[in-house]
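Just so you know, ligand 1 is whichever comes first in the structure, and atom 1 is the first atom listed for that ligand. As the structure is a computational prediction, the values presented were derived from the model and not from experiment.
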Amino acid sequence: MSEKQDKAEKKVFIKTYGCQMNVYDTTRMADALGGQGYRETSNMEEADLVLLNTCHIREKASEKVYSELGRIRQLKERRQKDGKNTLIGVAGCVAQAEGAEIQRRAPIVDLVVGPQSYHKLTGLVARAEGKNGESELIETEFPTEDKFNHLPAPTKRQIKARGASAFLTIQEGCDKFCAFCVVPYTRGAEVSRPLNQIVEEARLLAESGVREVTLLGQNVNAWHGVNTKEKEIGLGHLLFELAKIDGLDRLRYTTSHPNDMDDTLIAAHRDLECLMPYLHLPVQSGSDKILKTMNRRHTRDDYFRIIDVMREARPDIALSSDFIVGFPGESDKDFEDTMDLVRRVTYASAYSFKYSPRPGTPAADSDNQVDETIKNERLQELQKLLTFQQKSFNKNCLNREMSLLLERKGRLEGQLVGRSPWLQPVQVQAPKNLLGDIVKVSISDIGSNSLFGTLINEKAA
Ligand code: SAH
Ligand code: SF4
Ligand code: F3S
């Protein structure tokens, strides 16, 4: 692109909240807007279009949007004084859940677009550009067409700019309806992208220098499709297919549900060297009673069995999970069951949250809400145990050799940061030209948030 063209470009600033699916969507929206003359900027002050890609999962996440919109209003006013217009859009799960309500609470918002309507974003922006904000532009229907069929494919240049590790959404929505969760309402029904669409996108990523792909879906292991012989296949088969692509040296997937860990997927963990030995398998609670009221549809023993099978298939597998404390009706004994489950499984990392009642979900109406102080105490106790387990896992890595995908520059001169197979960030002194390569390191020190490694081999794969 010539410098002249570059100067004429409009700029878009996108702020992303929530899960990796939003991170992926942000890239797709940025790419689509790129085709409309918008270049991404990391400086909100210079943006002609500010887009918030929002999350509705807990009350805190959701409310952040409105405080951010307050700040953006000031920015808009500042820019107006310089004769510049700023368009403001809200995308993501809050957009879907609250729709027109957003424009009522924050009239400065020019457009609202739900997660299944991103192929309509460029049209909305074009209309907003011509409208000066006098009318509402909202797309929150669950459209019948597949957004991915209508969004432009990213260019190799766009992919390269994002580095060697990429996300790829293979499935949208969720049909599980856990009693606490908004996702089935904000993302709609569970839909799997077809095999050839996924393979094509993964090939494009690999051809553009991507070495690691993380497949995404809220129930990623419920992905299903048909192969070239019209045979029904699941995530395990898909992984075997993707493993054949030249240059894709690392595969991951997230988030999986315990009920969908089938034999082929377990075989993939056993047989595929490129499938990283890490499994994020949320359990939420260790109490059968709570699991039942959460509508998770499995018991703690089912979960233990899956963990055993996984560890047998891939002995070096690291486990991660999500937990909710203070779900309605959770007694001391139920919470103790969760602590017991954590002690028995032992996790390499985990996320834990206080239950947050969400509008429209069954659990929000329960009369058995848990007191806030109890929620706080339980969260602290659980997090203490999980942090201890994470630290022990990291300590065990001392003096071990491992492969590292070097993803970005570190804070110190000459330092690069990469991820281990177990998703740990590792800092290493290494020349810049190794960015995007997989190297071999020996772990020489353990920090509080990352590990430190020494380069032993510049090419591990
Ligand atoms: N699809 C994934 C989880 C998606 S949401 C699964 O089934 O596990 C990510 C995490 O947010 C959940 O695992 C859960 O731990 C947490 N979460 C979801 N709804 C919540 C709520 N209402 N209150 C607190 N935490 C919640
Ligand atoms: Fe939410 Fe449950 Fe679906 Fe996960 S499986 S997205 S927790 S409803
Ligand atoms: Fe949040 Fe929506 Fe993801 S609610 S966690 S951004 S699917």
Side-chain angles (χ1 to χ4, degrees), residues 15-26 29 52-65 90-98 114-116 118 140 167 169 171-191 216-223 253-261 279-286 290-291 293-298 303 306 319-328 330 338 347 349-366 369-370 372 375-376 378-379 382-383 386:
K15 184 155 183 175
T16 311
Y17 302 83
C19 64
Q20 289 119 323
M21 301 194 67
N22 266 11
V23 175
Y24 174 78
D25 286 341
T26 288
M29 287 193 278
L52 302 182
N53 191 5
T54 61
C55 172
H56 194 58
I57 203 82
R58 285 167 292 274
E59 192 184 351
K60 255 196 195 151
S62 201
E63 284 302 315
K64 267 189 205 154
V65 178
V90 178
C93 292
V94 178
Q96 188 63 44
E98 299 187 6
Q116 304 312 342
Y118 292 154
T140 52
F167 291 137
T169 291
Q171 175 217 53
E172 273 290 341
C174 178
D175 287 341
K176 293 258 192 311
F177 290 91
C178 300
F180 50 82
C181 183
V182 290
V183 172
Y185 313 96
T186 62
R187 293 254 166 193
E190 202 172 285
V191 180
L216 300 179
Q218 283 298 355
N219 261 295
V220 73
N221 54 341
W223 179 89
Y253 63 92
T254 197
T255 296
S256 24
H257 192 288
N259 290 356
D260 296 309
M261 296 301 300
L279 177 65
H280 182 63
L281 194 64
V283 65
Q284 316 297 356
S285 168
I290 295 296
L291 285 171
T293 41
M294 280 179 166
N295 194 29
R296 292 292 288 184
R297 296 180 224 207
H298 66 78
Y303 188 81
I306 298 162
L319 295 161
S320 154
S321 192
D322 291 344
F323 296 90
I324 295 178
V325 301
F327 183 79
E330 187 188 71
T338 298
Y347 291 98
S349 75
Y351 300 90
S352 44
F353 312 97
K354 279 190 285 181
Y355 169 67
S356 167
R358 305 305 290 131
T361 59
D365 298 328
S366 164
Q369 301 296 332
V370 173
E372 198 60 26
K375 279 190 200 172
N376 282 330
R378 287 182 186 162
L379 186 67
L382 176 60
Q383 287 188 338
L386 290 168

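Contacts between Gln218 and ligand 1, counted as non-hydrogen atom pairs separated by less than 4.0 Å, involve both the backbone and the side chain. Contact annotation: for Phe180 versus ligand 1, heavy atoms closer than 4.0 Å belong to both the backbone and the side chain. Here Arg187 has side-chain heavy atoms under 4.0 Å from ligand 3, and that is the only part of it that gets that close.
Close contacts of ligand 1 with Arg358, meaning ligand atoms under 4.0 Å from a residue heavy atom, involve 22 (N). In the vicinity of Arg58, heavy-atom distances shorter than 4.0 Å reach the ligand 1 atoms 11 (O), 16 (C), 17 (N), 23 (N), 24 (C), 25 (N), 26 (C). Set against the non-hydrogen atoms of Ser356, the atoms of ligand 1 under 4.0 Å away are 21 (C), 22 (N), 23 (N), 24 (C). Atoms of ligand 2 lying under 4.0 Å from at least one heavy atom of Phe180, given by number and element, are 7 (S).
Taking each of Gln284, Arg296, Arg297 in turn, the one with a heavy atom nearest to atom 4 (Fe) of ligand 2 proves to be Arg296. Of the candidates Cys55, Gly18, Pro115, the one placing a heavy atom closest to atom 1 (Fe) of ligand 3 is Cys55. For atom 14 (C) of ligand 1, the nearest non-hydrogen atom from the set His257, Arg296, His56, Gln284 belongs to Gln284.
The shell of residues lying under 4.0 angstrom from ligand 1, judged by heavy atoms, excludes Val183. Lys176 does not count as a contact of ligand 1, since none of its heavy atoms falls under 4.0 Å from the ligand. In this structure, Thr255 has a heavy atom closer than 4.0 Å to ligand 1.
Counting protein heavy atoms only, atom 4 (S) of ligand 3 is closest to His56 N, 3.3 Å. Summary of contacts: the protein heavy atom closest to atom 2 (Fe) of ligand 3 is Cys93 SG, 2.2 Å. At the shortest separation from atom 3 (Fe) of ligand 3 among protein heavy atoms lies Cys19 SG, 2.3 Å. The nearest heavy-atom contact from the protein to atom 6 (S) of ligand 3 is Asn22 ND2, 3.3 Å.
Sorted by chain and number, the protein atoms of type N, O or S within less than 2.8 Å of atom 3 (Fe) of ligand 2 are Cys174 SG.
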| Taking it one step at a time, do Glu59 and Ser356 satisfy side-chain hydrogen bond (donor to acceptor under 3.5 Å, both in side chains)? | CA-CA 6 Å; Glu59 192 184 351; Ser356 167; 4.8 Å; no
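Aromatic rings of Phe353 and Phe180 (six-membered ring for Trp) have centroids beyond the 6.0 Å cut-off, not under it.
Glu372 has a carboxylate O that lies under 4.0 Å from a charged side-chain N of Lys354, or vice versa, which qualifies the two as a salt bridge.
For Glu63, the CD atom sits in a packed shell: over 12 heavy atoms of surrounding residues, nucleotides or ligands are nearer than 6.0 Å. Within a 6.0 Å sphere centred on OH of Tyr351, other residues, nucleotides and ligands contribute 12 heavy atoms or fewer.
Considering backbone and side-chain N/O atoms, Cys181 never comes within less than 3.5 Å of an N/O atom of ligand 1.
Expressed to the nearest 0.5 Å, how far NE2 of His280 lies from OG of Ser256 amounts to 7.5 Å.
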